[in-house]
Student: 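Handing you this structure, nothing more for now.
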Amino acid sequence: IKHMSNPALQKLEELLKSSKDKDGSALDSHLQKVLRHYILSDPSLAMDKFEEVSFQLRQKGGLKEEGDLWEHKQLAVDLADWVSLLKKDFFEAKKGAGEEEEEVAEAGVIGNIPDLLADRKMFEWAGVAFGEEETFLLMKSMKKLASSSEAKNLKFWGKIYGREKDYLVVEGSVEGGGEEEGIPEDQEKRGEGVNLFVYWVTDRIGGEWIQLPDVTPNHVKLSRMIKHIFTGDLEAEVMTNPFFNGQEKHLLRCQIARITHSTTIIPKGMYKVVEEEEGKKGREVEMEEEPKMPSTLTTKGLETWLHYLPSILQCGRVVHMPPQQEEGAEEIEPEELQKRLEEKDPFEDRLKPLVEDIPFQTCKNSWTFQTMGDFAEYDDEMGKATVSYAVHIIKSLIWPGSITCFQNGRWSSIYVGYGMKADGKKYYPTFPPTVILEPADIEEQPEPNPTELPPEDEEKKEEEEGEAEEEQDQFIIYKQDNLS
């Protein structure tokens, strides 16, 4: 203001300097103190608290500015560990000992990552919330995973609770790279069946993502026989009965596969089953030629939702292995063997409606359906259709924690729970077999064919030989006496 020649501004400056209170403090110096306070503290609240700050500065002693200002230095010290962790995970490339810095290559195309911030608002209606900041950091962590693993179509699968640590799970797909050697003959290849997706887990946001191993049919069958609360340690042994011949990472992967194939659902009218010859229902699905885009109004009710993924058979696979002829038995046609196998372990229909699932205990269905939020209908921006901003919430009673939310044409699924199935039956662990008592000690018996006689038998033998010699001598004497 001092350097401005405008007469009006000069007159304003003189007015501010001449306006003083009873203590002699000028109005311009008072305004400078107020502005200084906001510049060093929080300018965003200047209009809301202008009168309050001005009043406190005019009081005796005024504001203790050092205590009221943001402690920027202390805040930076407190957040130093967190900042260093983020810089390590998101910005700094890992280098080995003695390696020189290399030029940063141009970032390639990263696989699809859903908008978790948009999904977060839907999940909050269902009672699931991770917080805006944590959700944003999770998206950044998934972006880093997509870049380092070259995974595609990453999706935040959910969270599984553990006794010591929890597991954050991400689902995606990777081309090739599956295990080739040492895998069971009946294990489905990566990208097929129960190994359709690849999963990564970590115990904290910003931590290292660890890829879980592929699923084997034997582990799937064993996982159906046990109940186990996870510890949070992937390498931990699973102490159960019946015995699970794997570590916690194998059981975790089995439970994720079972939950995924049981609770992945889609709205009706988007896919159809490919029919085989003779009008038989096939095992494959494809997009409808003219798919009906779902809306909040057309997806109201369980009858409008279908299972998308095929169910897992009792053999631990999605499809049966080719049947083998039994040795020594009468030869049977392969078609007949396949038919018998499917009768013993039948397939479930693809795109089966949720209302056809077996009811859970005394409930009418094994799912619950609820609509939350604004039920009103509004015209869209073009004025050609109506939209609703209500949120449909579909929860599984068989797998507590599995939730699917739908809002105005967008739907997403998440799982938050212990990874255990609610079968409605009391669980009694199988008792181990009875330990057999030790048998009674057998009395020691003499050797039937000894190489040497024991001392007692030796003495007895000598006595018998002595007696035999005496008898022989007496016989000779008796004979001589008779002859004479």
Side-chain angles (χ1 to χ4, degrees), residues 116 119-120 122-131 155-171 194 197 199 201 203 212 215 219-232 238 240 244 248 251-266 299 301-303 305-309 311-312 348 352-372 391-407 411-429:
L116 295 183
D119 293 342
R120 178 183 67 90
M122 289 194 300
F123 293 144
E124 285 180 351
W125 284 103
V128 177
F130 292 93
K155 169 197 170 186
F156 180 58
W157 186 87
K159 182 177 183 179
I160 291 184
Y161 296 128
R163 287 177 288 176
E164 300 175 7
K165 297 179 181 179
D166 301 332
Y167 290 116
L168 298 173
V169 186
V170 167
E171 174 188 282
V194 292
F197 302 110
Y199 295 90
V201 297
D203 57 9
L212 295 178
V215 179
H219 283 161
V220 173
K221 289 185 284 187
L222 290 174
S223 67
R224 287 169 166 164
M225 303 168 63
I226 62 177
K227 289 185 179 293
H228 178 75
I229 297 179
F230 296 101
T231 63
V238 180
T240 61
F244 184 83
E248 186 165 295
L251 179 60
L252 177 64
R253 180 64 180 84
C254 289
Q255 296 301 91
I256 291 174
R258 294 176 62 195
I259 294 171
T260 301
H261 282 262
S262 298
T263 62
T264 301
I265 58 178
I266 58 173
T299 55
L302 291 177
E303 61 277 1
W305 289 85
L306 313 172
H307 286 279
Y308 178 64
L309 295 178
S311 60
I312 302 177
E348 287 193 7
K352 186 179 71 171
L354 301 189
V355 292
E356 295 184 8
D357 288 353
I358 299 175
F360 178 71
Q361 294 185 348
T362 58
C363 301
K364 293 182 179 180
N365 300 290
S366 58
W367 301 80
T368 63
F369 186 93
Q370 189 177 16
T371 303
M372 304 290 291
V391 179
H392 296 325
I393 302 171
I394 306 170
K395 296 183 179 181
S396 172
L397 298 177
I398 302 297
W399 291 99
S402 177
I403 301 170
T404 298
C405 297
F406 180 95
Q407 185 181 35
W411 73 92
S412 185
S413 300
I414 193 172
Y415 178 86
V416 180
Y418 286 93
M420 289 194 294
K421 185 177 181 180
D423 52 13
K425 300 177 182 178
K426 293 182 179 180
Y427 176 70
Y428 297 99

Student: Backbone N or O of K421 within a donor-acceptor pair of the K227 side chain at under 3.5 Å?
Tutor: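 Between the backbone of K421 and the side chain of K227 there is a qualifying donor-acceptor contact (under 3.5 Å).
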
Student: Less than 4.5 Å apart, any side-chain heavy atom of P353 and any of L306?
Tutor: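 Yes. Closest side-chain heavy atoms under 4.5 Å.
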
Student: Between Y415 and Q255, does any side-chain donor sit less than 3.5 Å from a side-chain acceptor?
Tutor: no

Student: Test side-chain contact (heavy atoms from CB on, under 4.5 Å) on F197 and L309; report intermediate values, then the result.
Tutor: CA-CA 12 Å; F197 302 110; L309 295 178; 4.2 Å; yes

Student: A side-chain contact here means heavy atoms from C-beta on lying under 4.5 Å apart; do I403 and W125 qualify?
Tutor: no

Student: With a 4.5 Å limit on heavy-atom distance, are the side chains of W399 and S262 in contact?
Tutor: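 Touching, per the 4.5 Å side-chain cut-off.
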
Student: Excluding sequence neighbours, so at least two apart, what forms salt bridge (charged side-chain N to carboxylate O under 4.0 Å, His left out) with K352?
Tutor: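 Residues passing salt bridge (charged side-chain N to carboxylate O under 4.0 Å, His left out) with K352: E348, D357.
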
Student: Return the CH2 to CD1 distance between W305 and I394, rounded to the nearest 0.5 Å.
Tutor: 4.5 Å

Student: Decide yes or no for T299 and W411: does some side-chain heavy atom of the first lie under 4.5 Å from some side-chain heavy atom of the second?
Tutor: no

Student: Any side-chain heavy atom of E248 within less than 4.5 Å of one from L251?
Tutor: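 E248 vs L251: side chains apart.
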
Student: Tell me whether F369 at atom CZ has more than 12 heavy atoms from other residues, nucleotides or ligands lying less than 6.0 Å away.
Tutor: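 Enclosed.
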
Student: When you check the side-chain N and O atoms of S396 and S402, is any donor under 3.5 Å from an acceptor?
Tutor: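 Judged by distance alone, the side chains do not pair up.
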
Student: Evaluate the ring-ring contact (aromatic ring centres under 6.0 Å, His included) criterion for residues F123 and F156: first the C-alpha distance (whole Å), next the side-chain angles of each, then the deciding distance (0.1 Å), finally the verdict.
Tutor: CA-CA 12 Å; F123 293 144; F156 180 58; 8.4 Å; no

Student: Are the aromatic rings of Y199 and Y167 close, with centres under 6.0 Å apart?
Tutor: no

Student: Does H261 have any ring-ring contact (aromatic ring centres under 6.0 Å, His included) partners at least two apart in sequence or in another chain, and if so, which?
Tutor: none

Student: State the CG-CG distance between N365 and L354, to the nearest 0.5 angstrom.
Tutor: 8.5 Å

Student: Over all heavy atoms of both residues, which pair between L397 and A422 is shortest? Give the atoms and the distance, please.
Tutor: O-CB, 3.7 Å

Student: Supply the atom-to-atom distance Y308 OH to T264 OG1, rounded to the nearest 0.5 angstrom.
Tutor: 9.5 Å

